[in-house]
Amino acid sequence: MPYTTHEIQRIESKWQSFWQKQKTFQVEADPAKKKFYCLEMFPYPSGRIHMGHVRNYTIADVVARFKMMQGYNVLHPIGYYAFGQPAENAAIKNNTDPGEWTYRCIEQMHNDFIKMGFSYDWDREIATCDEQYYKWNQWIFIQMFKKGLAYKKASPVNWCPSCETTLANEEVIDNKCWRCKNEVDQKNLEQWYLKITEYSEQLLKDLETLKNWPSRVCAMQENWIGKSYGVEMCFKEAKTGEVIPVFTTRPDTIFGATYVVLAPEHPLVARLVADTPKETEVFAFIEKTKNLSRFLRMSADQSKEGIFTGAYAVNPVNGEEIPIWVADYVLMEYGTGAIMAVPTHDQRDFLFAREHSLPMRIVIQDPQQPELAVEQMTEAFIGQGKLVDSGKFNGVHSEEAKQKIAQWMEGQGTGQMTVHWRLRDWLISRQRYWGTPIPMVYCQTCGVVPVSEQQLPVVLPKNIKITGEGGSPLARCQEFIDTPCPQCGAQARRETDTMATFFDSSWYYLRYGDAKNSECIFDVEKIQYWMPVDQYIGGIEHAILHLLYSRFFTKFLRDLGLLTVDEPFDRLLTQGMVLKDGDVMSKSRGNVVDPGSVIDRYGADTLRLFILFAAPPEDQLEWNDGAIDGAWKFLARVYNAARKSCRSVSSAVDPVSFDDEDQGLYREIHATVKKVTNDFSLDLKFNTAISQVMILMNRLEKFDASGSEQKQSLLNQAIETVVLLLSPIAPHLCEELWGDMGFSPSVMRASWPSYDEQALIQQTVLIVVQVNGKVRAKVEVAVDASEEELRKVILANAKISGYIGGKEIRKFIVVPNRLISIVV
RNA sequence: GCUGGAGUGGCGGAAUUGGUAUACGCGCUGGUCUCAAAAACCAGUGUCCUUACGGGCGCGUGGGUUCGACUCCCACCUCCAGCACCA
């Protein structure tokens, strides 16, 4: 058969049904076997797969298949991140049920995955919208509630007035609702939160143990958690003596504090201005900032507005009375909601002070401009230097002064060293339908009560009308709302909010290990066997939220005694995006290449090979219609070579009787096995692994095997090696060729080839000769030749002696088996 | 601004305990085959000078270390990504 689209389609469907029937990729936990857990981030079921999925899942598939051939018991599951807003939107738009829509998409994706030849254990396929899955969301929530980690509080949230729902920060784009494009408000609402901050310290510290994560992901998480060391200082209101705690990371600048600023929401503000002439004015200002959106207030380039309260605060280190202002650049959520302002050494304070003509005082001398006066400053000096105008700390270097002043204040009882975090608790309430119902009940006598665990799941009711008019659909479903109190049995009311879908994805990797368990969330021993995930692969867009939440859940479940690992994911690879004409593929740009049409024309193997060969997995990948022809052509050559040489000759080869040709091919076989094995094991550099297999192919195609039976055997060995090494990348074709060559299926059961270091040793080596740093000649010499011998050979070389030209040789440097550098 | 990363042919990209820059592939040029085309195969392909032999210059820019630098050091430029009034 010639290598045609038709032949490829025959081969691919043949092996896809073989794998299905044989359940080739089904696994069980077995402590007698060494395990490998290979995981990709599960997809949102949106319909057909796109190139991003193809890339992500092909990378994972190669890792999984490679590890299988290396003899590992490989867990390689897939599932669907099936709750969420897109399904609800589609339901509104098409007037269908979100569940129906979702399951239709899942079916399409499932079929696409089969067509790609992915090696999933289909018995573990999960969907988060399945009640057997989200039941355990509810169970986890209740465990958190019992430990005080799930709690309800009122706080300002993004609120879309037209959709009547809260929005996550990431759902607010340019201060507009991502769905209806209306302006978003701030609203104070009672919502459910998860106390992720309980784990701040561990989440930060354990980043250090994640040696096999990309450094930028760790850096992003570190920034997000945002630990800062500082001092909480007690300023006092001058008249009443009421304490105003202020947080600073720069206690060394305290002598330069010339005013204090409170956030507009600060509870003290109202008391300070009550019954004073400033009252009306200050309240007007607070009203004004309230109406400003969080988005506008938080943008750094916004001009800083503020107003004097008429009150004064006493600086604890020098007794100085300084004015108390209210300003929008101080945020209630961070620190204590109050700051001491040091305009000379903080840029924001500097701008604000200039704007409002507030006093300034230099307390740290800029070593570059020691004579600098306040009037000449054009910006704050935020660097380090010696303290001036700072009482008994004059002359102390600022870095040292941070410690000394903090300690001194602690001794005086006016300050305390503390730590502040940027990380906030996680708001998980959503006023939406297509999600996990939060399993809580409100009872008039018992208060807020969790649903009893025996009654889980709280099933999401079907046939709910989703109009898109706003508000929670469940809140309009009386049969759902009415329920007896789990504690006293009296008539009570269910929570109608659902969980943010990031909850669902924070632990799905645990469910795969025991996907069908109906008794408990998972069997502890099974999960102990499979965890941690050895290789996790997904997009960089999840660098913070999903990966941080998963780390949090892992630590929580560990503390419940269900897990023995501290971290869920050992190695992490963030794959790059697939571009076309320099842009990310997207429907709106109209530059989408549909994987289905590529598979129809070239087959899945060609697509897989191309996508791995075009770029290293972490880099962006530019789609190239021409280069996919190259991938096709290469597989055609493998096919033809295997068909041609797979005769029944297979006597052993004996390197002693090799001629130079044989020796060269033999060495290339072993060099290729070594290179591919290393590239697959360590950095997942599939592009260079493939190029090395191409080099071996180029060589074996030139090899003339007609001379002897041994030559034919050697050639067979070469082509067998190519088939084995390519089988994780182009599995359908390699299964077919493996069978054609007389081996029994599946090639996945064959063992990964090993290489012999002895075979890589060469008799002679090509040495480069440099004269005065320039390459002038290449000389073939025996391996490990002595300097003496080399000198003799090289100086006898006419070309070299021409460059030396009788001049004195000042240096003769030998790099063994590589190069000689002569200086004259 | 802060954090992380990247700059190599016409293109995607190789190469770092410092040792032949451009592996492998795409594209392009010429050839074989063919009535012709496609496919396939063979040869060539950084750039400048030279008919050729050969030589000069070349890994973002400028310096430095070294017999030797894509690789190490210093300074800078550009681009990408994330965070950003966080006190």
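All values below were derived from every heavy atom in this structure, side-chain atoms included, with hydrogens, water molecules and symmetry-related copies excluded. Labels below follow one simple rule: chain letters A, B, ... track the order of the sequence lines, proteins then strands, and each chain is numbered from 1.
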**OP:** Establish, yes or no, whether the cationic atom of Arg361(A) lies under 6.0 Å from the six-membered ring centre of Phe255(A) and within 45° of the ring axis.
**Re:** no
Original post:
Between Arg422(A) and C83(B), does any side-chain N or O lie under 4.0 Å from OP1 or OP2?
Top reply: no
Subject >> Interatomic distance where OH belongs to Tyr229(A) and P belongs to A87(B) [whole Å] >> reply: 14 Å
Subject >> Whole-Å gap separating C1' (C86(B)) and CG (Asn223(A)) >> reply: 11 Å
**OP:** Please name all residues satisfying ring pair (Phe, Tyr, Trp, His ring centres under 6.0 Å) with Phe350(A), sequence neighbours left out, ordered by chain then number.
**Re:** none
Subject >> ring pair (Phe, Tyr, Trp, His ring centres under 6.0 Å) partners for Trp623(A), two or more places apart >> reply: Phe610(A)
Original post:
What interatomic distance, in whole Å, is found between P of A39(B) and the corresponding atom of C49(B)?
Top reply: 34 Å
Subject >> Who pairs with A36(B) - Watson-Crick or G-U, where each distance is under 3.5 Å >> reply: none
Original post:
Which nucleotide, A87(B), A23(B), C85(B), lies nearest any side-chain atom of Ile695(A)?
Top reply: A23(B)
Can you give me the N/O atom pairs linking the protein to nucleotides 64-70 of chain B at distances under 3.5 Å, or say none if there are none?
{"from": "C67(B)", "atom 1": "OP1", "to": "Lys811(A)", "atom 2": "NZ", "distance (Å)": "2.6"}
{"from": "C67(B)", "atom 1": "O2", "to": "Ser821(A)", "atom 2": "OG", "distance (Å)": "2.5"}

Original post:
Quick one: side-chain hydrogen bond (donor to acceptor under 3.5 Å, both in side chains) pairs with a partner in residues 676-689 of chain A, sequence neighbours left out?
Top reply: Lys675(A)-Asp679(A), Thr677(A)-Trp752(A), Asp679(A)-Thr688(A)
Please write out the pairs of protein N or O atoms and N or O atoms of nucleotides 26-34 of chain B separated by less than 3.5 Å, giving the distance to one decimal.
{"from": "C26(B)", "atom 1": "OP1", "to": "Lys633(A)", "atom 2": "NZ", "distance (Å)": "3.3"}

**OP:** Would you mind telling me which of C83(B), C86(B), U3(B) lies closest to the side-chain atoms of Leu331(A)?
**Re:** C86(B)
**OP:** Just name whichever nucleotide pairs with U65(B), Watson-Crick or G-U, keeping both distances under 3.5 Å, else none.
**Re:** none
Subject >> Non-neighbouring partners of Asp629(A) that pass side-chain contact (heavy atoms from CB on, under 4.5 Å), sequence neighbours left out >> reply: Tyr602(A)
Original post:
For Val781(A), which residues count as a side-chain contact (heavy atoms from CB on, under 4.5 Å) partner, sequence neighbours excluded?
Top reply: Val765(A), Ile767(A), Val779(A), Leu790(A), Val793(A)
**OP:** Measure the distance from CH2 on Trp421(A) to C1' on A87(B) and round it to the nearest whole Å.
**Re:** 17 Å
Subject >> N-glycosidic conformation, G9(B) - syn within 90 degrees of 0, else anti >> reply: syn
Original post:
Counting only Watson-Crick or G-U wobble pairs whose two distances fall under 3.5 Å, which nucleotide matches A21(B)?
Top reply: none
Original post:
With both distances under 3.5 Å as the test, what is the Watson-Crick or G-U wobble partner of U3(B)?
Top reply: A81(B)
Subject >> Residues within residues 608-616 of chain A bordering RNA chain B, heavy-atom distance below 4.0 Å >> reply: Phe613(A), Ala614(A), Pro616(A)
Subject >> Residue pairs passing the salt bridge (charged side-chain N to carboxylate O under 4.0 Å, His left out) test where at least one lies in residues 216-227 of chain A, sequence neighbours excluded >> reply: Glu201(A)-Lys227(A)
Original post:
Which nucleotide, A84(B), G4(B), A87(B), lies nearest any side-chain atom of Ser215(A)?
Top reply: G4(B)
**OP:** Scan residues 249-258 of chain A for pairs that pass salt bridge (charged side-chain N to carboxylate O under 4.0 Å, His left out), counting only residues two or more places apart or in two chains.
**Re:** Arg250(A)-Asp252(A)
Original post:
When you measure from the side chain of Lys685(A), which nucleotide among C86(B), A87(B), A15(B) comes out closest?
Top reply: A15(B)
Original post:
If pairing requires Watson-Crick or G-U wobble contacts with both distances under 3.5 Å, which nucleotide is the partner of C76(B)?
Top reply: G60(B)
**OP:** Provide the full list of side-chain hydrogen bond (donor to acceptor under 3.5 Å, both in side chains) pairs with a residue in residues 611-620 of chain A, sequence neighbours left out, each pair given once.
**Re:** Thr574(A)-Glu618(A)
**OP:** In whole angstrom, give me the gap between the C1' atoms of G12(B) and G7(B).
**Re:** 15 Å
Subject >> Charged tip of Arg422(A) within 45° of Trp224(A) ring normal and under 6.0 Å >> reply: yes
**OP:** Between A15(B), G25(B), G19(B), spot the one nearest the side chain of Asn698(A), thanks.
**Re:** G25(B)
Subject >> Pairs satisfying salt bridge (charged side-chain N to carboxylate O under 4.0 Å, His left out), at least one member in residues 345-354 of chain A, at least two apart >> reply: Asp346(A)-Arg348(A)
Subject >> Distance below 4.0 Å between Lys675(A) side-chain N/O and A14(B) OP1 or OP2 >> reply: no
**OP:** State whether the side chain of Thr606(A) and the backbone N or O of Gly603(A) hold a donor-acceptor pair below 3.5 Å, judged by distance alone.
**Re:** no
Original post:
Does G30(B) pair with anything, Watson-Crick or G-U wobble, both distances under 3.5 Å, and if so, with which nucleotide?
Top reply: C42(B)
